[in-house]
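This is a predicted model, so every value here is computed, not measured. A note on names: the letters A, B, ... follow the listed sequences, proteins ahead of strands, and every chain is numbered from 1.
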Amino acid sequence: MAALLRPARWLLRAAAAPYLPLSLRLLAGGPGRPDAAVCLRAARARPVAGGLLSQARLHSIAAEKKNYLQEEPTSSHRRNASQFDWALMRLDNSVRRTGRIPKTLLQKVFDNTCHSGSPGGNQALLLLRSCGSLLPELKLSERTEFAHKIWDELQKLGTVYDVSHYNALLKVYLQNDHKFSPTDFLARMEKGNIQPNRVTYQRLIAAYCNMGDIEGASTILGFMKTKDLPVTEAVFSALVTGHARSGDMENAENILTVMKEAGIEPGPDTYLALLNAYAEKGDIDHVKQTLEKVEKSDLYLMDRDLLQIILSFSKAGYPQYVPEILEKITYERRYIPDTMNLILLLVTEKLEDTALQILLACPISRESSQNDFGSFFLRHCVTMNTPAEKLKDYCKKLKEAQLHTSPLQFTLQCALVAQKLDLAKVLMKALKEEGFPIRTHYFWPLLVGHQKEKNVQGIVEVLKGMHEIGVTPDQETYVNYVFPCFDSIKSVRAVLQENGCPHDDNVFSQAELRSKAVNGNLDYILSFLESNTLPFSFSSLRGSLILDCVCSNLLLLLQCTHFLSYQITELLYKDGRYCQEPPGPTEAVGYFLYNLIDSMSDSEVQAKEERLRQYFHQLKEMNVKIPENIYRGIRNLLDSYHVPELIKDVNILVEREKTDSRKPSSSDLESKLEKLKAENQPIGDILKQLIVMLCSEENMQKALELKAKYESDMVVGGYAALINLCCRHDNAEDALNLKREFDRLDSSAVLDTGKYVRLVKVLGKHGKLQDAINILKEMKEKDVPVKDATVLSFFHILNGAALRGETETVKQLHEAIVTLGLAKPSTALSSPLVTLYLEKDDLPAALESTIDCYEKYKILPRIHDVLCKLIEKGETELIQKAMDFVSQEQGEMTMLYDLFFAFLQTGNYKEAKKIIETPGIRARPTRLQWFCDRCIANNQVETLEKLVELTQKLFECDRDQLYYSLLKLYKVNDDWQKADAVWNKMQEENIIPREKTLRLLAEILRNNNQEVPFDVPELWYEEEKDCPTSLPSPVEVNLQQGLLNACHRRRNKAVSRSIFCSNIFNIRTVVFIISPWCSTIYYRIRSIAETHIKGFTLNDAANSLLIITQVRRDYLKDALTTLKTALDLDQIPSRLAVTRLIQACALKGDTESIHDIQKLVNGLEDSIGLSRMVFINNIALAQIKNNNIDVAIESIENMLTSENQTVDPQYFGLAYLFRKVIEGQLEPALKKISIMAERLANQFAVYKPVTDLFLQLVDSGKVNDARALLQRCGAIAEQMPILLVFCIRNCQRPGKAPVMKSLLELIPELIDKEEAYTCLMKSYVFDNDVTSAKALYESLTAKNVKLNDLFLKRYAVLLKNAGESVPFTEPPESFEFYAKQLKESKETHL
Amino acid sequence: MSTRGAVVLRTNIGRPVAFVRKIPWTAASSELREHFAQFGHVRKCTVPFDKETGFHKGMGWIHFSSEEELHNALQQENHIIDGVKLHVQPQKPKALQGDQTSDEEKDF
């Protein structure tokens, strides 16, 4: 409510004072008068009681701009800044949402501020200012106490106070009705060597008036006069209160006359002071009269003002008049927090009946029955110990009024949270009467409190209470909330019996058992189960077994891995310095990216596509490059994950090698050209080079001549350069001709975007409109890329034409650009359409054009300029038309802002004021900022000053931001006096300036050799400049802090203690993620981790990734060591890691290491998921690499033909070996292997190897070899299961259509298998192979095969995409639908 | 398809679990169980309590014995307990990790 937001007004109250003449004399008196008059006028617009709400809210934008996750404190200054922002955000959010701050929150922010070390001046200001009316839930005295605690504590911590802090403290005193001696206060300031300013004096006057001490107030007024300080409306308002409180209503009223005599109409603040004065006297008649008077004037009292009157009435003991004021309240939405705060304040003041009255008058929740209203009231009543019977009654009334659906339940919840057993019991009984069940768990919150304090008596009370209500404690009650309070369960039983707490023995012993289980007392469980005679269900046990705990911990760890990619991504983002480190950032980042993507699953990559894209672009902006070969790897990965859309985004990072060959001069080239020509040799290339060179030398004449001379030898590139040259030289004729020749040469050739745009420009400029449009059309047809810069160029083309007044050019080109879809019809792009008429001063046409744009494209270009011109010319009808239109299309608010800015711009401030005071209007930060920036750019001081002045009471207005803009402008003009005045105004308005504002202000003052009256926040990075950059430490420290921050964040989110493990895990995660990226950093972090975390070891996942990394970097020995370490720690490395290592060894021909690994993992193969075939394949491969082909073949053959086979021949897959041999073009080996495979098939009927070989040949494109093999060994065609698996696997990947086609050709009978033809179609669709797909479809339909919907859907989409007609009705549902359908039908068949 | 390779065709087995939010503080697992029993057999129902406060956090999980039952529950538009509307949604399957196989590993 207003009282809370602008409390100076209503808190100024006092008793008797006969000193009016003195104060009046001072006010009206002699030489001071002109001054006073001037200031009074100024002060009207910005009365002293600036909204506290705006003070707090002003920070919201600052807070929003920061991304806290990216904060990375590197110095105490920086930390201070982020600390301030954090505090700001918390408090601001609270004020924005509710108009108040809960005490706990303020306490928390305060504690945090203290912990942060030395809090800055801003933080102190923020905290102090929160101690007034923003704490309606606290008693007035408690608030002041809090403020004093903050003041003293911060002073101890070294905070330097300036005048703004003292003023803030004064404000708090006023808001809290705190009695103090103003003279002592002044003395204290003097002791602190702080000079009081105008705001200080104003508030001291208010303090005297508050006490009804007019004499005291007059003394201060005298001070002000001697110091030549201006007297503001706030002083008058204070005096109204002062006289009233001194019992002299007559003179209170007289103040208004004095004001008028001074030439100033009293503003709303003065009237409010008077109204409150009457209300305090219970004088309803005068209140009503005054209200009527205000209504008749052009002044406007807001809801919050009326709420203050209500407060005055209630506090003075006249609640009977409240309804009359309530009637006048409009309940504007934005005042609802104010109303709520008044209600809270009344409850705090034990005026809860009045509070309820106001609550019931609120119209809010009747419109939306879903949300309960009044919870805040009930909760506060519980806190303030409102009697239980009263609360019951309130609940009833709230329910009757349909404000709240379940007030009793809610109040009970509050009572439980507050651990109020007696109240809870009353409420539960009431609920029971309503027929609402009372459940066991309602008592748990009550038990929790006693349990924490080990208060046995309290527990007994609650248990008795349960009995009283008729609720029996269950197992959980005992196990979780009762037992922990006692040393042993035996003693529980004893105490309960002693105190006459009845309990169910059965439940009790089950609870006992569970409790033992949770504590891991397995002996007890065993003995219990042995001796148990009661019926007992095992299911009651299950939930509590230790295993569960272990599992949940594991789960937690798993969740952390999800977290990892983000962590590191952010870590990288945050600090550009990482990437500028010397050791080959290109490769490092490349590897990092590869690994990052590799470590994600395909679904993860798909899900995070947008995030990754942003990340790549961020890297691009940081100028990070990656080598081409790594790019190719990433490309393949992305391809396999089916997110090829991301490839282009990675591509931007590729480091392109520059070919910087030394160029010969143009004359060299020319002579060379002539020489070649004379020798009758081809000259195309050299001609192009020469033309390009001449173009770069801007030698158009020569270039054109050369072209004419050797026309037949011209190539596309030469033309392109020439066209561009002509455009640059504004030579439309030649440019067009060249373009035509260019087209004749190669009609499909495409120019660069920029060249097209230049052509359009030149052609348009020279009136060749149709040609220009044709170029645009060509751009569309040839799909020329249109970038932001291109769109900007379009704008300049159009705007140039508009300024030249070329109506047709603007219209037609705009039309063409937009309809062709080359650019979106944005406000900027379309503004030339309006500029055209504005330049010609044709206002009706300009407005028409704007409106036309809206109707066509939903934009309103240059509406502001149009409006300004209309206002200047006084075109009322057109203004009305424009406003009606805007209002209808974009809402009233937009219209009001448009009008407001137009009035401001044209200097019609009175009108502007009326507009911005429209009830219901609220701040639109972007629009305000737009206008500020405009003013700064055009150096419109007065306009901007007016904007700031007029928006003072604007709801949710970011005052600091506006003052910041104003200071920016003052800085441009180097006007320190005005800047200094801003400092005063900000205090008056109770704004907490952001650091940037203070810095700017200080800069202006310092530049003009003025003293800076406050502690200037320093820039954190200034310190950093002094850091020797040669040391590697900053990186290390940063990284460490980043990691620790990450941990901190985790801890904040933590819900259970076990999160601690996850913190460690997190560091590990980051460690292994970072490791491939830069091994030095990796080792450094690892050592940090090892010194900071006791018993630090990498866990399974981390070690596995480390192995993979080491393999990738070809550190095979290290990888082997890592594997050993992991296995020594009883870890199970991942299958992928072990496999990669084995494969790497094999490719090196390192048979020995493979054997070592085999020994190492012996017995763990199943846990790892390692097939024996991995070893068999790779050992054989290693042997082959060592030219031991025969050994390899012999051992394989032995394995397959011996009696005791370890692997079923059916699973004896050698595809990997075959593929590697084929890939490696190891011809002798291939030959021998082939012989072996055939022998195994023909002699031993083992067909798996030969089939695998066959498939690998097909896969490698060696179709003829495959065919020959098939002819020699026809049984291959019968190995359907193997063949089908091959098909299924291959169709998951793109690019396999040719393979599939060859396979089908070789084994045509495959087509009869549903799995096979499905795969074939899938593969064809993947590769857009329409012809093969058609052939497949036709041969299938010829065979009358019944095709499933999924198959048909795929085919149909393929055809449609290729622009062909679909010969059947396309299945209407989605792919997922049919896939699911198919899956389900298969499952039912099984 | 009897070869090991068939394993590659991994199917996403969804668990029939409903995730419930906005449970009023007055209701606990037995109330939830009772409510959801109308849609099928509730195998397990958990509403974790915070032992620091004695209240639950308004979230719970209902394990049905079949997808169909879960589907039934999700079909119903309004779930109201103690006059409060619950938010019911299927539990999202946890992304399977460490399960990705590259082509090199598949062909054994």
Side-chain angles (χ1 to χ4, degrees), chain A residues 370 405-406 409 412-413 416-417 436-437 439-449 452 476 480-481 558 561-562 601-604 607 640 1055 1101 1104 1134-1136 1139-1140 1143 1171-1174 1176-1177 1210-1211 1213-1216 1218-1219 1252 1256 1281-1282 1284-1286 1288-1289 1292-1293 1315 1383, chain B residues 1-14 22-32 34 43-59 67-68 71 78 80-85 92-108:
Chain A
Q370 292 239 317
T405 51
S406 50
Q409 284 90 334
L412 174 58
Q413 191 187 5
L416 296 177
V417 170
F436 194 85
R439 295 165 189 143
T440 321
H441 69 268
Y442 295 1
F443 293 88
W444 294 351
L446 295 171
L447 290 166
V448 159
K452 278 180 197 153
E476 275 165 299
N480 294 330
Y481 304 100
L558 256 177
T561 51
H562 267 296
S601 69
D602 48 358
S603 56
E604 232 178 325
S640 69
V1055 281
S1104 297
S1134 75
R1135 180 163 57 103
L1136 188 67
T1139 315
R1140 286 263 163 89
Q1143 287 170 344
S1171 155
R1172 274 185 57 87
M1173 290 317 296
V1174 180
I1176 296 170
N1177 271 278
Q1210 196 58 39
Y1211 299 134
L1214 290 169
Y1216 179 75
F1218 296 153
R1219 194 170 70 235
D1252 278 345
Q1256 286 309 315
I1282 304 174
L1284 287 179
V1285 168
F1286 179 83
I1288 289 164
R1289 210 174 286 153
Q1292 317 271 342
R1293 285 174 283 180
E1315 292 96 331
K1383 201 182 115 196
Chain B
M1 276 187 284
S2 52
T3 60
R4 266 173 60 105
V7 179
V8 177
L9 299 170
R10 58 166 188 252
T11 47
N12 202 355
I13 308 153
K22 308 222 166 169
I23 305 169
W25 74 272
T26 48
S29 64
S30 47
E31 283 72 44
L32 250 70
E34 201 179 300
R43 278 197 302 118
K44 193 176 163 194
C45 169
T46 45
V47 179
F49 270 72
D50 182 348
K51 293 199 183 113
E52 294 289 307
T53 65
F55 287 101
H56 63 67
K57 288 179 176 155
M59 298 181 296
E67 284 287 347
E68 198 189 337
H71 191 68
N78 283 326
I80 294 170
I81 292 185
D82 291 348
V84 176
K85 194 176 165 206
K92 285 195 187 109
K94 294 244 164 63
L96 294 169
Q97 288 228 334
D99 193 4
Q100 67 240 42
T101 35
S102 76
D103 57 343
E104 292 155 71
E105 280 79 51
K106 280 175 194 163
D107 300 2
F108 298 117

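Residue H441(A) comes nearest to A27(B) through the heavy atom pair CE1-C, 3.7 Å, listed as atom of the first residue, atom of the second, then distance. A pairwise comparison of heavy atoms in T53(B) and V448(A) identifies C-CG2, 3.8 Å as the closest pair. Minimum interatomic distance between Y481(A) and D50(B) (heavy atoms only, all atoms of both residues): OH-O, 4.3 Å.
Ring pair W444(A)/F55(B): centre-to-centre distance not below 6.0 Å.
For T26(B), the parts sitting under 4.5 Å from any heavy atom of chain A are the backbone and the side chain alike. When heavy atoms are compared at a cutoff of 4.5 Å, F436(A) approaches chain B solely by way of its side chain, counted from C-beta outward.
Counting heavy-atom neighbours within 6.0 Å of K22(B) NZ, excluding the residue itself, gives a total of 12 or less.
Ring-plane geometry between Y442(A) and W25(B) is classed as tilted, the angle between the planes lying from 30 to 60 degrees on a 0 to 90 degree scale.
In this structure, the side chain to side chain donor-acceptor pair (under 3.5 Å) partners of E31(B), at least two apart in sequence or on a different chain, are R439(A).
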